[in-house]
2 protein chains.
Amino acid sequence: MSRSRDAVHEILRRSESFRSAQDIFTEMRSDGAKIGLTTVYRALQALNDDGRVDVLRTDEGEAVYRACASDLHHHHLVCRRCGRTEEVAGPDVERWAEAIAAEHGFADITHTVEVFGTCASCTGR
Amino acid sequence: MSRSRDAVHEILRRSESFRSAQDIFTEMRSDGAKIGLTTVYRALQALNDDGRVDVLRTDEGEAVYRACASDLHHHHLVCRRCGRTEEVAGPDVERWAEAIAAEHGFADITHTVEVFGTCASCTGR
DNA sequence: ACAGTTTTGACAACCGTTTTCATTTTCCTT
DNA sequence: AAGGAAAATGAAAACGGTTGTCAAAACTGT
């Protein structure tokens, strides 16, 4: 498992946002790559197992993947129509999470925050 | 939409944890209720629309529901050790989400916020 | 080149969820 | 009560994303 796995990883690294498996598959195909959807799924699984990509679920239950930027901590604003994703910083949210956790006696906390909406170019269409 | 909707809500209120639609359906059937799976799904949707239950996705993409203790919008603080869940209100987060979305031209937004940690009684054990 | 293992991909199977649609129930008006 | 429109129901089919199957193709070391 290497050829296509690297290809998928590459696509993801070039992307700035979360991408779905089908989405990646479509892009690779129209780029002329001869790869199967199954292989894309397998590559994503493997990459996730290796901790090289992370995955989250949209409101609709679709899995979307992203190469780990691992930079700063930030959250995502995802268009539920076209999948476009903006990275947004949320210092307020971080503080809120810390405070609320402390208040309830919870320690060692982590949090997930994802905002879904319809982006400007998809609105009204 | 009332008979079965109340029944589903009742099941949820008696539950202490998140339940899947299929799970609820199975319980109701073995309790002798003559209800269809479709109706369970519709009841859950309606209850969710009314803000009486909240829904989240498991890692596997399955939707799980839970009766809201409070009728207001809120988030969860989940103990990663024992699974204990506290409902927490997050007006700050709501405002933050709205603001950030508007700033990027996103409309019609929803958000998921889940905070994981180790609760007081699990700490130090 | 050769045998053995791994990877691949078309296709079918899966599973949770939604849609369809005909039937039943509920509710309102006489 | 009776009649009729509107809402609710449920069995079965459709759907969409994901995973399994399995034979063919691509690597591996000898």
Side-chain angles (χ1 to χ4, degrees), chain A residues 1-12 15 17-50 52-66 76 78-85 114 116 118 122, chain B residues 1-12 15 17-50 52-66 108 110 112:
Chain A
M1 185 181 294
S2 201
R3 183 62 30 81
S4 48
R5 186 174 110 163
D6 288 342
V8 169
H9 194 198
E10 184 54 28
I11 291 274
L12 236 28
S15 304
S17 62
F18 279 93
R19 310 284 301 270
S20 71
Q22 317 252 7
D23 184 19
I24 293 167
F25 170 67
T26 302
E27 175 175 333
M28 295 181 78
R29 271 299 178 85
S30 56
D31 281 359
K34 40 184 174 21
I35 191 172
L37 179 56
T38 310
T39 304
V40 173
Y41 274 106
R42 276 191 289 238
L44 289 169
Q45 270 170 196
L47 289 166
N48 184 55
D49 288 348
D50 291 357
R52 283 210 246 269
V53 305
D54 34 48
V55 53
L56 65 87
R57 295 270 173 178
T58 67
D59 281 357
E60 291 75 36
E62 188 179 29
V64 286
Y65 305 81
R66 159 190 85 144
H76 295 97
V78 185
C79 177
R80 66 164 66 85
R81 191 89 60 109
C82 69
R84 202 179 95 203
T85 302
E114 303 297 332
F116 299 93
T118 311
C122 283
Chain B
M1 187 182 293
S2 200
R3 183 61 32 81
S4 49
R5 187 174 111 164
D6 288 342
V8 169
H9 195 198
E10 183 55 28
I11 291 275
L12 237 27
S15 305
S17 60
F18 282 92
R19 310 283 301 270
S20 71
Q22 317 252 6
D23 183 17
I24 293 167
F25 169 68
T26 303
E27 175 175 333
M28 295 181 78
R29 270 300 178 85
S30 56
D31 281 0
K34 39 183 175 18
I35 192 173
L37 179 57
T38 310
T39 304
V40 172
Y41 274 106
R42 277 193 286 239
L44 289 168
Q45 271 170 194
L47 289 166
N48 183 54
D49 289 348
D50 291 356
R52 283 210 247 270
V53 305
D54 34 46
V55 54
L56 63 89
R57 295 268 174 182
T58 66
D59 283 353
E60 291 77 35
E62 188 178 29
V64 286
Y65 306 81
R66 180 189 201 255
D108 197 20
T110 61
T112 67

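First the proteins, then the strands, lettered A, B, ... as listed; each starts at 1.
- Here dG16(C) presents its C1' atom at 16 Å from CG of D59(A), a figure rounded to the nearest Å.
- Protein atom CZ of R19(A) is 14 Å distant from nucleotide atom P of dT18(D), rounded to whole Å.
- Side-chain atoms of R57(A) and base atoms of dG17(D) include no donor and acceptor less than 3.5 Å apart.
- Residues from residues 28-40 of chain B that place a heavy atom under 4.0 Å from any atom of DNA chain D, listed by number: R29(B), K34(B), I35(B), G36(B), T38(B), T39(B).
- Comparing dT8(C), dT17(C), dT26(C) by their nearest atom to the side chain of R42(A) picks out dT8(C).
- We find that CZ of F25(A) is positioned 13 Å from C1' of dG17(D), with the value rounded to whole Å.
- Atom CD of Q22(B) is separated from atom P of dC14(C) by 15 Å (rounded to the nearest Å).
- When rounded to the nearest whole Å, the span between CG of L56(A) and P of dT18(D) equals 12 Å.
- Residue contacts shown for E60(B) are absent, as no nucleic acid heavy atom lies under 4.0 Å away.
- Atom CZ in R5(B) sits roughly 16 Å away from atom P in dG10(D) (whole-Å rounding).
- OP1 or OP2 of dT18(C) sits under 4.0 Å from a side-chain N or O of Q45(B).
- Comparing atom distances between the Y41(A) side chain and each of dT17(C), dT8(C), dT18(D) picks out dT18(D) as nearest.
- When rounded to the nearest whole Å, the span between CG of D49(B) and P of dT18(C) equals 11 Å.
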Could you walk me through whether D54(A) and R66(A) pass the salt bridge (charged side-chain N to carboxylate O under 4.0 Å, His left out) check? CA-CA 6 Å; D54(A) 34 48; R66(A) 159 190 85 144; 2.9 Å; yes
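- Each of dT9(D), dG17(D), dT17(C) was ranked by its minimum atom distance to the side chain of E62(A); first place goes to dG17(D).
- Residues satisfying the side-chain hydrogen bond (donor to acceptor under 3.5 Å, both in side chains) criterion with S15(B), sequence neighbours excluded, are R19(B).
- With sequence neighbours excluded, no residue forms a side-chain hydrogen bond (donor to acceptor under 3.5 Å, both in side chains) with T39(B).
- No option in L47(B), V40(B), L44(B) other than L47(B) meets the side-chain contact (heavy atoms from CB on, under 4.5 Å) test with R5(B).
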